Amino acid sequence: MLSLGTPYVPLHRLPGALLDGDRTLAGIVVTELRVPRLVLALIAGACLGAAGLVLQEALRNPLAVPEMLGVSSGAALGVAAPLVLAVSIPAAAQPVLAIGGAALGGGLTLLAAGLGRSPSAVLLTGAAVAAALQAALLVLMVMADQLDLQLIYRYLLGSLSARTWDDVTGLWPWLLVAAPALVLCAPVLSVLRLGDEDAEALGVRVHRARFAALAIAVLLIAPVTAVCGPVAWVGFLAPHLARRLNPSADAVRWLPWAAAWGAVVVTVADVPARLALAPVETPVGAWTSLFGVPVGVALLRSGKRRPRIPQSAAGSEAERSEQPEAGFEAAYIEPSGVEPSQRPGRRGHGEMSEGAGPSGTRLPADGATTSEETK
């Protein structure tokens with residue numbers, strides 16, 4: 001990936017280009033443009049993949065993604081508003097504005113859904129909040145001039161173009177805060193998957209746990225959105241790929257795999273973003289959406305197994321399997337000294353009456369003798 005592009009750098013010259021630094025054109029392109037872009041793609045994808053898993057596990061819904069909860073739209077609104085309103089903001093303050101916008105969008109979602117009492121209500125309310133925030137972004141785009149409009153348009157699609165080491169270093173303080181919180185949150189997510197009542201029975205405060213999960217997702221998404229824009233579908237694809245790799249695991253084991261798959265998705269999508277329409281670069285978010293929709297549908301369809309039997313039906317079926325079928329005798333242990341012809345009849349519904357043989361013939365009562373014995 002470091003070799004592709006203009007100028008093309010052969011693989012055998014990459015070590016020399018990395019060591020040369022700013023002494024040659026290839027060294028400048030590789031070390032100052034392509035390497036920070038690759039590192040930023042890995043970090044952004046890992047953060048979005050981990051955040052998507054946190055939201056899906058906290059809400060127990062595989063469709064819970066940052067784009068559907070107002071988090072990504074709020075972060076984009078926080079960054080785009082000062083640009084359109086001609087407010088001078090230093091680059092270091094942009095993640096703060098993104099975090100404020102993401103927290104606003106996510107907080108409105110939880111508050112409007114009744115403090116997160118119902119996961120399905122949170123998801124539906126989040127879609128409405130995200131639509132409202134996107135409408136606000138459209139208003140800003142109408143107010144912007146031609147130059148700002150192009151910048152906002154590319155930003156809203158998610159782009160890694162012209163990113164440098166300054167953008168990468170600006171993410172580290174936020175990652176140092178979010179990473180420990182993410183590790184501490186993972187075991188709680190495994191408990192939340194059991195359901196609200198079971199989680200509360202195990203001592204988890206469900207409402208606070210969901211607020212904490214949302215806060216961690218905001219810390220992971222907002223700084224990345226401030227630098228790259230909202231890169232869509234990564235937070236949806238990465239958790240599903242992680243679950244597909246190990247379906248029987250829990251959130252603790254899925255978390256590193258979701259981060260790894262997110263990094264892979266963004267890094268791979270950045271290759272056609274750079275080269276498909278060269279020399280014009282396309283936003284990486286357009287390619288994640290283009291590939292994410294069919295892959296996501298395929299994962300959801302392949303994840304549907306045969307329909308699960310409800311507990312009531314499963315229980316009745318198990319009881320039926322334990323009972324002998326009609327027309328057959330149950331297993332009978334013969335007492336010593338009793339002839340097979342002297343077996344007692346079965347009682348109950350659809351069974352033989354006392355003294356009736358298997359073919360409907362009468363058996364002699366106790367103490368009676370047959371005609372053959374009399375002879």
Side-chain angles (χ1 to χ4, degrees), residues 47-75 102-133 178 181-222 224-225 230 232-244 247 249-255 257-259 261-262 292 296-297 299-300 303-304:
C47 291
L48 294 174
L53 180 67
V54 169
L55 292 175
Q56 291 178 13
E57 293 298 312
L59 299 177
R60 304 198 311 275
N61 195 317
L63 299 179
V65 291
E67 294 80 15
M68 289 288 291
L69 297 176
V71 177
S72 296
S73 300
L104 176 63
L108 287 176
T109 299
L110 290 183
L111 291 175
L115 298 179
R117 294 179 181 177
S118 173
S120 58
V122 172
L123 187 61
L124 293 175
T125 308
V129 172
L133 294 175
L182 186 62
V183 174
L184 295 175
C185 178
V188 181
L189 296 176
S190 299
V191 179
L192 288 177
R193 296 182 71 240
L194 302 176
D196 292 356
E197 295 180 357
D198 293 338
E200 289 179 354
L202 294 175
V204 176
R205 298 180 179 180
V206 177
H207 298 167
R208 294 186 179 182
R210 286 209 178 100
F211 271 116
L214 178 64
I216 294 172
V218 166
L219 284 177
L220 290 170
I221 296 169
V224 172
T225 304
W233 284 88
V234 179
F236 173 80
L237 285 178
H240 283 279
L241 292 172
R243 294 189 189 98
R244 186 66 180 270
D250 55 4
V252 177
R253 297 183 180 179
W254 284 333
L255 188 60
W257 286 107
W261 275 114
V297 171
L299 287 174
L300 289 177
K304 292 181 180 180

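Reckoned from all heavy atoms, side chains included, excluding hydrogens, waters and symmetry mates. None of these values were measured; they are calculated from a predicted model.
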Distance (rounded to the nearest 0.5 Å) between [X] [atom1] and [Y] [atom2]:
X	Y	atom1	atom2	value
Leu182	Leu255	CG	CG	4.5 Å
Leu48	Thr225	CG	OG1	6.5 Å
Trp254	His240	CH2	NE2	10.5 Å
Thr125	Met68	OG1	CE	10.5 Å
Ser190	Asp250	OG	CG	4.0 Å

_side chain to side chain contact (heavy atoms under 4.5 Å, CB included) partner of Val204, chosen from Asp198, Leu192, Asp196_ =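 In the set Asp198, Leu192, Asp196, the residue that makes a side chain to side chain contact (heavy atoms under 4.5 Å, CB included) with Val204 is Leu192.
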*Measure from the side-chain N and O atoms of Thr109 to the backbone N and O of Leu69, and report whether any donor-acceptor pair falls under 3.5 Å.*
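Checked: pair present.
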_Within residues 66-75 or reaching into it, pairs that qualify as salt bridge (charged side-chain N to carboxylate O under 4.0 Å, His left out) - sequence neighbours excluded_ =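 Every candidate salt bridge (charged side-chain N to carboxylate O under 4.0 Å, His left out) pair involving residues 66-75 fails, so no pair, neighbours aside, qualifies.
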At their closest point, which heavy atom of [X] faces which heavy atom of [Y], and how far apart are they?
X	Y	value
Gly292	Leu237	CA-CD1, 3.5 Å
Gly106	Val71	CA-CG2, 4.3 Å
Leu133	Gly74	CD1-N, 3.6 Å
Ala222	Ala102	CB-CB, 4.1 Å
Ala251	Ala186	CB-O, 4.0 Å

Apply side chain to side chain contact (heavy atoms under 4.5 Å, CB included) to [X] and list each qualifying residue two or more places apart in sequence or on a separate chain.
X	answer
Leu108	Leu104, Val129
Ala201	none
Arg205	Arg208
Ala178	Leu219, Leu220

Taking distance alone, no hydrogens or angles, what donor-acceptor pairs closer than 3.5 Å link side-chain atoms of residues 51-59 to residues at least two apart or in another chain?
residue, atom, partner, partner atom, Å
Gln56, OE1, Arg243, NH1, 2.8
Gln56, OE1, Arg243, NH2, 3.0
Gln56, NE2, Pro62, O, 3.4
Gln56, NE2, Gly235, O, 3.4
Glu57, OE1, Arg193, NE, 2.7
Glu57, OE2, Arg243, NE, 3.4
Glu57, OE2, Arg243, NH2, 2.8

*Can you name the residues that form a ring-ring contact (aromatic ring centres under 6.0 Å, His included) with Trp233, not counting sequence neighbours?*
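For Trp233 the ring-ring contact (aromatic ring centres under 6.0 Å, His included) partners, ignoring immediate neighbours, are Phe236.
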_With side chain to side chain contact (heavy atoms under 4.5 Å, CB included) as the criterion, how do Asn61 and Val122 come out once you've worked through the C-alpha distance, each side chain's angles and the decisive distance to 0.1 Å?_
CA-CA 10 Å; Asn61 195 317; Val122 172; over 6 Å; no
